[in-house]
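Here's the structure, in structure tokens; my notes come after.
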Protein chains: 2
Amino acid sequence: MDQLLQSVKIGINEKIYVKDPESSDLGKRIIEQSILMIDAMGFESFTFKKLGAKIGSNESSIYRYFENKHKLLLYLASWYWGWLEYQLVFSTNSIADAQQKLDKAIEIVTKTTVEDSSFSHINEVLLNKIVINEYSKSYLTKEVDTENKEGYFVIYKRLVTRISTMITEVNSDYKYPSSLASTILEGSLHQHFLKGHFSSLTDCHQDDDSTKYFLHLVATTIK
Amino acid sequence: MDQLLQSVKIGINEKIYVKDPESSDLGKRIIEQSILMIDAMGFESFTFKKLGAKIGSNESSIYRYFENKHKLLLYLASWYWGWLEYQLVFSTNSIADAQQKLDKAIEIVTKTTVEDSSFSHINEVLLNKIVINEYSKSYLTKEVDTENKEGYFVIYKRLVTRISTMITEVNSDYKYPSSLASTILEGSLHQHFLKGHFSSLTDCHQDDDSTKYFLHLVATTIK
DNA sequence: CAGTATGTGATAGTATTACTATTATATTTG
DNA sequence: CAAATATAATAGTAATACTATCACATACTG
């Protein structure tokens with residue numbers, strides 16, 4: 001992506017934050033540094049107190065932006081999925097052929113994230129790593145149904161739905177378009193995780209193997 | 001499963017526990033009640049103090065069996081995967097035809113768990129729910145590489161490897177047997193989760209839909 | 001220009017968690 | 001019966017995840 005994205009703001013459910021972090025310098029530093037810290041120390045060890053120390057601010061000030069670190073994770077994840085969705089829509093919009101369109105979509109969502117400097121304070125490569133390592137924790141909770149009703153997962157759901165629709169447009173007889181779409185998204189994160197920690201459980205060792213694996217899987221499945 | 005399993009003990013890495021919970025009555029109560037509690041309140045809210053109160057014992061006594069609740073989760077998960085592996089090996093052992101064997105394996109690992117009273121103190125239905133909701137948290141940690149080296153995930157890995165081998169036996173030219181095997185196991189948990197909380201993201205709404213989905217997916221993919 | 005609202009920082013305080021340590025008591029085994 | 005072992009009870013600690021209050025600086029408003 002390039003300049004274009006610089007003027008686009010990823011629209012995130014306002015209930016996720018107390019105060020929009022994009023609305024101030026402190027807010028942006030919270031986002032920027034929380035990405036670095038969560039990547040470095042993991043979500044469990046990350047605290048608002050440590051973040052405050054890192055950005056030369058106070059714990060209590062961070063609470064003015066996010067109720068708790070769970071909400072911050074929801075924010076980061078929503079941002080990431082929104083960013084991916086933008087790329088997906090942008091890149092597939094002009095493709096007429098349904099199969100080609102789906103292939104492009106699979107490529108976008110399964111590929112390894114590379115440097116993108118469109119958003120100065122957000123490191124997309126690290127954010128992708130965070131999503132791989134922490135995203136499941138955002139919905140594997142007892143509060144998932146309430147939070148889902150509040151709309152905290154809409155962007156992710158919309159992304160799955162988009163892919164599901166593209167699958168149906170290639171083959172309207174295929175019975176499991178939503179399951180296949182969710183398998184692609186979740187499975188892609190999982191394959192990237194395995195690559196880093198359980199390499200014997202995957203055949204995806206190069207950067208683009210994951211894309212090849214899913215392209216083949218989907219093509220044959222809905223043929 | 002039936003009587004047979006009653007005399008089989010699921011072999012779990014001894015480093016996971018301080019004292020084998022199968023070796024005492026208190027140990028068995030810890031396992032039995034922790035399953036009920038984690039299912040009811042979720043892993044985050046579950047504490048050894050609450051468990052102690054529930055089983056009429058003391059927090060400190062539970063620490064004599066498990067270092068912390070993370071290790072207890074690893075124990076429960078290992079037990080579950082060991083139990084599944086046993087069923088898989090038992091049910092597929094006598095099948096000569098490679099395709100039939102793989103189909104049986106997929107059926108075993110993707111189906112919804114139903115009542116099994118072989119192990120009096122372990123409720124397999126609830127344990128399956130716990131694995132669906134909490135298993136990812138056991139490996140999505142900063143300690144995963146160390147713990148993997150310690151062998152805390154061997155049973156799960158062996159299970160993936162078994163399925164991977166079966167895939168190769170059906171089609172030795174297929175390039176992604178391990179990725180496909182891990183996609184089946186992880187994807188199955190995910191589809192069951194979606195069924196309960198994000199039903200618009202899956203087409204698996206009946207108990208056996210997940211099995212049908214994966215049977216079709218695998219059959220077409222490696223054809 | 002005074003007054004007020006807003007944003008941020010500093011400090012303190014609370015309940016809970018995740019332990020560790022010690023001691024007492026009960027039970028089992030040799 | 002003595003010794004070892006298992007369990008229970010109590011206390012204590014550092015850290016976490018907040019909440020509340022107050023102070024201060026800046027900005028904007030009538």
Side-chain angles (χ1 to χ4, degrees), chain A residues 14-34 37-38 40-76 121 134 137-138 140-143 146-147, chain B residues 14-34 37-38 40-76 121 134 137-138 140-143 146-147:
Chain A
E14 295 186 6
K15 288 184 214 148
I16 288 183
Y17 47 76
V18 180
K19 177 179 173 173
D20 186 358
E22 288 296 319
S23 70
S24 74
D25 182 62
L26 179 62
K28 283 176 194 156
R29 265 156 55 223
I30 288 173
I31 299 305
E32 178 181 22
Q33 295 298 318
S34 65
M37 287 186 81
I38 293 173
M41 61 178 28
F43 189 65
E44 277 62 48
S45 301
F46 168 80
T47 70
F48 279 1
K49 191 165 196 172
K50 291 175 188 170
L51 177 60
K54 180 90 167 246
I55 62 179
S57 175
N58 200 273
E59 197 188 359
S60 58
S61 302
I62 300 164
Y63 277 103
R64 297 223 174 74
Y65 286 84
F66 293 100
E67 270 177 65
N68 49 51
K69 68 174 180 173
H70 172 70
K71 288 281 181 81
L72 172 57
L73 179 60
L74 288 173
Y75 180 90
L76 295 178
H121 64 297
E134 323 287 359
K137 298 170 191 168
S138 77
L140 295 177
T141 67
K142 277 285 158 185
E143 297 77 34
T146 322
E147 296 190 346
Chain B
E14 296 187 2
K15 288 182 214 147
I16 289 184
Y17 47 76
V18 181
K19 178 181 172 172
D20 185 357
E22 287 296 319
S23 70
S24 74
D25 182 64
L26 178 63
K28 284 176 194 155
R29 266 155 54 222
I30 288 174
I31 298 306
E32 178 182 20
Q33 296 298 318
S34 66
M37 286 185 81
I38 293 173
M41 62 177 32
F43 189 65
E44 276 63 46
S45 301
F46 168 80
T47 69
F48 280 1
K49 191 165 194 170
K50 290 174 187 169
L51 177 60
K54 180 89 168 248
I55 62 179
S57 175
N58 200 274
E59 198 189 0
S60 58
S61 302
I62 300 164
Y63 277 102
R64 299 234 168 67
Y65 286 84
F66 294 99
E67 269 177 66
N68 51 51
K69 69 175 181 172
H70 172 69
K71 289 282 182 81
L72 172 58
L73 179 60
L74 288 173
Y75 180 90
L76 295 177
H121 64 296
E134 323 286 357
K137 299 170 193 169
S138 77
L140 295 176
T141 68
K142 277 284 160 186
E143 296 77 35
T146 322
E147 295 190 345

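Letters A, B, ... are given to chains in the order of the sequence lines, protein chains preceding strands, and every chain is numbered from 1.
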How would you label the contact of [X] with the nucleic acid (heavy atoms, under 4.0 Å): base, sugar-phosphate, or nothing?
X: Lys49(B); value: nothing
X: Phe66(A); value: nothing
X: Ser57(A); value: sugar-phosphate
X: Tyr63(B); value: base

**Asked** How are the rings of Phe48(A) and Phe46(A) set to each other: parallel, tilted or perpendicular (split at 30° and 60°)?
**Response** perpendicular
Specify the separation, in whole Å, of atom [atom1] of [X] and atom [atom2] of [N].
X: Glu44(A); N: dC19(C); atom1: CD; atom2: P; answer: 13 Å
X: Lys69(B); N: dT16(C); atom1: NZ; atom2: P; answer: 15 Å
X: Tyr65(A); N: dG7(C); atom1: OH; atom2: C1'; answer: 7 Å
X: Lys50(B); N: dT16(C); atom1: NZ; atom2: P; answer: 9 Å
X: Leu72(A); N: dT16(D); atom1: CG; atom2: C1'; answer: 16 Å
X: Leu51(A); N: dG9(C); atom1: CG; atom2: C1'; answer: 15 Å
X: Met41(B); N: dT16(C); atom1: CE; atom2: P; answer: 13 Å
X: Glu59(B); N: dT13(D); atom1: CD; atom2: P; answer: 16 Å

**Prompt:** Do the side-chain N and O atoms of Gln33(A) and His121(A) include a donor-acceptor pair separated by under 3.5 angstrom?
**Reply:** no
**Item:** Glu44(A) side chain to His70(B) side chain, donor-acceptor N/O pair below 3.5 angstrom
**Value:** no
**Message:** Just so I know, are the side chains of Leu26(B) and Tyr65(B) near enough to count as touching, which here means a heavy-atom distance under 4.5 Å?
**Reply:** yes
**Fill in**
A correct 5'-to-3' footprint of nucleotides 23-30 of chain C, with B, S and - meaning base, sugar-phosphate only and no protein heavy atom under 4.0 Å, is --------
**Prompt:** Does a salt bridge link Glu134(B) with Lys137(B), judged by any charged N lying under 4.0 Å from a carboxylate O?
**Reply:** yes
**Prompt:** With the threshold set at 4.0 Å, does a side-chain nitrogen-carboxylate oxygen contact exist between Lys71(B) and Glu67(B)?
**Reply:** yes
**Prompt:** Is any side-chain N or O of Thr47(A) under 3.5 Å from a base N or O of dA15(D), one able to act as donor and the other as acceptor?
**Reply:** no
**Asked** Quick one: does Ser34(A)'s side chain have a donor or acceptor within less than 3.5 Å of a partner on Ile30(A)'s backbone?
**Response** yes
**Item:** N/O (side chain, Ser60(A)) to phosphate O (OP1/OP2, dG9(C)) under 4.0 Å
**Value:** no
**Fill in**
Heavy-atom nearest nucleotide on DNA chain D taken for Glu67(A) and for Ile55(B); more 5' hit belongs to Ile55(B)
